[in-house]
Number of protein chains: 2
Amino acid sequence: MEFDVGARLRAIREMHGLSQRELAKRAGVSNASVSLIEQNRSSPSVGSLKKVLDGIPMSLADFFSMEQAPREQVFFRAEDLTVISDGAIRYAQVGRDPEARALQILHEQYQPGADTGQNMLRHAAEEGGVVLRGRLEVTVGDQRRILGPGDAYYFNSRLPHRFRTVGEEICEVVSACTPPSF
Amino acid sequence: MEFDVGARLRAIREMHGLSQRELAKRAGVSNASVSLIEQNRSSPSVGSLKKVLDGIPMSLADFFSMEQAPREQVFFRAEDLTVISDGAIRYAQVGRDPEARALQILHEQYQPGADTGQNMLRHAAEEGGVVLRGRLEVTVGDQRRILGPGDAYYFNSRLPHRFRTVGEEICEVVSACTPPSF
DNA sequence: TAAACCTGTTGAATATATTGAACAGGTAAG
DNA sequence: CTTACCTGTTCAATATATTCAACAGGTTTA
């Protein structure tokens, strides 16, 4: 995946109605620097890129999380959520292409006895969710808790974690994860 | 907002169980370079930072947007979700410190007739949600749709957007936004 | 007891980014 | 027309990042 720093900087600068010199002045760098970066004739250090972006202002994170313009699908009827796994746990995903999005939102349904398994999950992300119905046992690191309707959780996905239903009721959850984990 | 490139790179590298030399080899740079970057004794060009991250692999966007420190509180009882606004629209937020998190998860309740207002919202983020109950009119850019229970939405928050209930039923939504918008 | 192989760090040479000043073109006012 | 002030680009000088090779410490193998 290529990332065109120059083109992106130019687009952002123009979108904010700034000239190279004006931006350079606000950022405390030379106009030549801005020009060369925009032409991709130099690859700025993250330090100087940060200085330039401070003149806009925009965070490095926003700069690199590219917003693609084309009209994307915004609305999803309940029946056309993408069902990802359909065993004891059913994940209905909002949107089709998780790798292109910052956020993975799932409407989850656990059958009674459903369990993500003994070997704990781990991935580089953050996730959280709200329980709508039923009772869910959530284990994160060395912490464990049983959550009911309206209760919620939030943790760093690097910590080993596990979900398991308790009781005989179907359990329903809406969860979110950034970046998407599958 | 400070961003500690060195510390972040070191944390990520160690999390992936790589030595400086191993990462340097995969990335096609010198181990000295990795060492100096991690000590913040040099500020890498985005080109070389990208090369280094390719050796992990990880995108620039992920590098700059992901959270660094693990979080302490994981579980939230329904009654200790943080209620953010309590007029016609009630936002119950999972977690207390949105600016320290990658993800803002809200359990929202709209009273009949509730509306986020004529002046459309805009912010640099991505957001989505699932409707649990009631009917919600969602406007994004030039698109508009009425969603019911189980329906969902997802869009880039830079597009002007607005939420409005229709009908006499209370409307309930679980939404997520990255990065948090308030 | 090395000797061999890791780890991360450092110094001097080299490649690259950044600067300040000059350049070329466009527009507006006198 | 000239003068002034924009725009973005380019050149040579300089500051900075990156490399190669050596160093110091730790762990394993013989």
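Proteins come first, then strands; the chains are lettered A, B, ... in the order of their sequence lines, and each starts at number 1.
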How long is the line joining NZ of K25(B) and C1' of dT18(D), in whole Å? 20 Å
Is any side-chain nitrogen or oxygen of R10(B) closer than 4.0 Å to OP1 or OP2 of dT9(C)? yes
side-chain N/O S30(B) vs dT19(D) OP1/OP2, d < 4.0 Å: yes
Atom-pair distance (CG on N40(A); P on dT16(C)), nearest Å: 15 Å
Is R41(B) close enough to dT10(C) that one of its side-chain N or O atoms is under 4.0 Å from OP1 or OP2 there? yes
Classify R21(A) by what it touches in the nucleic acid, base, sugar-phosphate, or nothing, heavy-atom distance under 4.0 Å. base
With the side chain defined as heavy atoms from C-beta on, A32(B) is closest, among dT9(C), dT10(C), dT10(D), to dT10(C)
Considering just the side-chain nitrogens and oxygens of S42(A), establish if one lies under 4.0 Å of OP1 or OP2 belonging to dT16(C). no
Residue mapping more 5' on DNA chain D - nearest nucleotide basis, P44(B) or L36(A): L36(A)
Looking only at side-chain atoms of N31(B), point me to the closest of dT9(C), dT18(D), dT18(C). dT9(C)
Parallel, tilted or perpendicular: which describes the rings of F64(B) and F64(A), with under 30° parallel and over 60° perpendicular? parallel
For the side chain of S33(B), counting heavy atoms from C-beta on, which of dG20(C), dT19(D), dT18(C) is nearest? dT19(D)
Between K50(A) (NZ) and dT18(C) (C1'), how many Å, whole number? 19 Å
Going by an N to O cut-off under 4.0 Å, is there a salt bridge joining R162(B) and E137(B)? no
Taking F63(A)'s backbone N and O only, do any of them form a donor-acceptor pair with R8(A)'s side chain (distance below 3.5 Å, no angle check)? yes
Donor-acceptor side-chain pairing of Q111(B) and T165(B) below 3.5 angstrom: no
Just checking Q39(B): base, sugar-phosphate only, or nothing, at a heavy-atom cut-off of under 4.0 Å? sugar-phosphate
I want to confirm an ordering. Mapping S45(B) and Q20(B) to their closest nucleotides on DNA chain C, which one lands closer to the 5' end? Q20(B)
Contacts of S35(B) and I37(A) projected onto DNA chain C by closest heavy atom; the upstream (5') one is S35(B)
Rounded distance in Å - CG (L49(A)) to P (dA17(D)): 14 Å
Could you tell me which non-hydrogen atom of S45(A) sits nearest to which non-hydrogen atom of S43(B), and how far apart they are? CB-O, 3.1 Å
Please classify the nucleic acid contact of V29(B) as base, sugar-phosphate, or nothing, using heavy-atom distances under 4.0 Å. sugar-phosphate
Check every atom of dT18(D), dG8(C), dT9(D) against the side chain of S48(B) and return the nucleotide holding the closest atom. dT18(D)
Can you tell me which nucleotide in dT7(C), dA17(C), dG20(C) comes closest to the side chain of E22(B)? dT7(C)
